[in-house]
Asks: 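This is the structure I want to talk about, given as structure tokens.
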Amino acid sequence: MCGIIGFVGSERPLGGMLLEGLRRLEYRGYDSWGVAVGQNGSIKVAKKAGRIIATDPELPEATIGFGHTRWATHGGVTDQNAHPHVDCTGRFAVIHNGIIENFRKLRQHLLDSGHEFQSETDSEVIAHLIEQAVGDNQDVDAVVAAVRSVFEQMRGLNAFIVLDNHTRHLFAVKNVSPLVLGRSDGGSHIASDALALVDHVDQIHFVEDGQVAVIGPGKIQLVNQETGDPETLDWRPMTLTAVDTGLHGYPHFMIKEISEQPEVIRRIVTDEIEPVRGLAELIRASYGTFLVGSGTSSYAALSGSYLFSRIARRHVNFTVGSEFKYQEHFLTDKSLVVALSQSGETADVIEAVMAAQERGAKIAALVNVPGSTLDRMADYSVHLNAGPEQCVLSTKAYVAKVAVLLLAAHILNGSEHAGREILWQSVDGIEQLLSPIASDHIRAVAAQIVDQDHCYIIGRGLSYPTALESALKIKEVSYIHAEGFAGGELKHGVIALIDKGTPAIVFSPLDETRDDILSGAMEMKSRGAVIIGVSPENDEVFDIHVPVADVGDGSPIVNVVPAQLLGYQLALMRDLDPDKPRNLAKSVTVK
Ligand code: F6R
């Protein structure tokens, strides 16, 4: 989380580059933002709580500066806690991404030495530690040594940049949190995502853990954080082009991205077959495959474990990213870990992959962002090719991941053709749900439940992960408490939550789960629930029927769409921004 961008030019001033970059990085956090520019003799800082999109700050012209968009970890969302943070002398400014796990001890030590803090953040300790370590030294080498020793003292997954207004350099270092360097005729750049550098740089270098970048006008150097030895920059051409960030007539990115789902699946069937075949072969060759992801990606992974069992008769394990390290003890060098991640930057999943690599396991990644950390860490990658997700909620990348896993399961089973056929049917099934009539129906359902505090969602078998993902979509965008359950769990406690008028969404595809799930629905209805049945066929237990196409094992791909649409409509009716729900960030780079 948190977006970082910086620039040092020889003559070229910053212009609007920092603010433009920050707007592109806003998906990484939008609690607050800030910029600092180095002028003759002083650092000018502008920072504020709230979204940068709503502001157009006037910045003095300068040739060195950096900016930050924050997702708060330590310290509330206030102007003071926004980055950058400046040391006591005003020589250094710092921006930071990550969590300094031992910051309390470091802060106390600095307070005892007479440093004064302006914020409640963990990040501010970096500015004071650098000040203390550099002392009166004026040269670049002294600051490099300070950055190395300060980073050594910090625990956790962190990246930071120091702006030194005396040497007119930026200094950057990282552990897991991503940083990318860029160069152009006009100067030297750094950002937490190459996206922020599009149109400004010709070449990029991904900073590796343990490298300190020393960024001056027209010159970037790397040194090893532990030894101080120079390291080689691996410049590669910048291949990203300006992403199409337009809404193209849609009112929000959420509905635009939901509407793109048929095209996303079409692309997988037509363009991604070879990479998916490669994935299937890796799974075939492994002695134990583990699907790992967080949030929505974890539900795609869980869907995958059902699909592999059902279609390929293969046990493929599933673990939530943050739990993986507690379960990795039986991995060997014959195991395969498949990391699922839209962003490719999720810290919990990266940590899982690092743990697996230590045990010699092979890593495959299903990512939507080429060049992301997980993409680069993996031995083998399948790119989802879903196009940028700009809404903070994940929609199209979810269906893309499930589609890839379904296809891989069919390839393993020797039934690739049948897998492709299911995906084509799923394309049609989603298109039906996007029709004006179906959309009006979902809007009417939303109007009926918009004032409820709770919503429960059940599914069995393949529909169980769909129930979990549907609940996440509804709650994170509408703030209505929604909970997904395995249908069989109802009578083991969940049914106590059902009250008169409680909406209960029931996934009832025409598969072996139908009879049992309908009897669960009946049990809820008897206790006053309003049953919303998502099913190809109506049933007397449904108070409201949401018709969906019968697409067999493609049901996890199609049936999640009514929930995505319902969440979207509920957000609109509750006057909420569906693209930027409170407290969330698109790229979760802290643990
Ligand atoms: C929910 C959502 C999150 C992400 C999760 C993992 O709509 O977007 O739950 O799925 O933070 O992100 P990725 O897939 O980028 O690893």
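In listed order, ligands and their atoms are each counted from 1. Basis for what follows: all heavy atoms, side chains included, without hydrogens, waters or symmetry-related copies. Only a predicted model underlies this, so the values are computations on that prediction, with no experimental measurement involved.
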Asks: Considering only protein heavy atoms, which is closest to atom 2 (C) of ligand 1, and at what distance to one decimal place?
Replies: T296 OG1, 3.8 Å
Asks: Short list, please: which atoms of ligand 1 are under 4.0 Å from a heavy atom of Q342?
Replies: 13 (P), 14 (O), 15 (O), 16 (O)
Asks: Going by heavy atoms, is L374 under 4.0 Å from ligand 1?
Replies: no
Asks: At a 4.0 Å threshold, what atoms of ligand 1 neighbour a non-hydrogen atom of G295?
Replies: 9 (O)
Asks: I need the nearest protein heavy-atom contact for atom 5 (C) of ligand 1: residue, atom name and distance, please.
Replies: S294 O, 3.5 Å
Asks: Would you verify whether the NZ or CZ of R376 falls within 45 degrees of the ring axis of F206 while also being under 6.0 Å from that six-membered ring's centre?
Replies: yes
Asks: Between T395 and ligand 1, which part of the residue brings a heavy atom under 4.0 Å of the ligand: side chain, backbone, both or neither?
Replies: neither
Asks: Restricting to non-hydrogen atoms, name the atom on I480 and the atom on I449 that form the minimum distance, rounded to 0.1 Å.
Replies: CD1-O, 4.0 Å
Asks: In terms of side-chain geometry, is the basic nitrogen of D577 or R51 positioned less than 4.0 Å from the acidic oxygen of its partner?
Replies: yes
Asks: Does R24 use its side chain to pair, donor to acceptor, with the backbone of L195 at less than 3.5 Å?
Replies: yes
Asks: Just say parallel, tilted or perpendicular for the rings of Y456 and F485, cut-offs at 30° and 60°.
Replies: tilted
Asks: With backbone taken as N, CA, C and O and side chain as the heavy atoms from C-beta onward, which portion of E345 lies under 4.0 Å from ligand 1: side chain, backbone, both, or neither?
Replies: neither
Asks: For atom 12 (O) of ligand 1, what is the nearest protein heavy atom, given as residue, atom name and distance?
Replies: T346 OG1, 3.4 Å
Asks: Which protein non-hydrogen atom lies closest to atom 11 (O) of ligand 1, naming both residue and atom, and how far is it?
Replies: V588 CG2, 3.7 Å
Asks: Any salt bridge between E483 and K475, counting N to O under 4.0 Å?
Replies: yes
Asks: Relative to the heavy atoms of K473, which atoms of ligand 1 are at a distance of less than 4.0 Å?
Replies: 1 (C), 7 (O)
Asks: Say whether, by atom type as modelled, one donor and one acceptor occur between the side chain of N158 and the main chain of N175 under 3.5 angstrom.
Replies: no
Asks: Could you list the atoms of ligand 1 found under 4.0 angstrom from a heavy atom of S341?
Replies: 13 (P), 14 (O), 15 (O), 16 (O)
Asks: Starting from atom 7 (O) of ligand 1, what is the nearest protein heavy atom, named by residue and atom, and what distance separates them?
Replies: E476 OE2, 2.5 Å
Asks: Quick check on contacts: which atoms of ligand 1 are under 4.0 angstrom from a heavy atom of S297?
Replies: 10 (O), 13 (P), 14 (O)
Asks: Determine whether the side chains of H205 and Q211 contain a donor N or O and an acceptor N or O closer than 3.5 Å.
Replies: yes
Asks: Using 4.0 Å as the upper bound for N to carboxylate O, is an ion pair formed by K396 and E389?
Replies: no
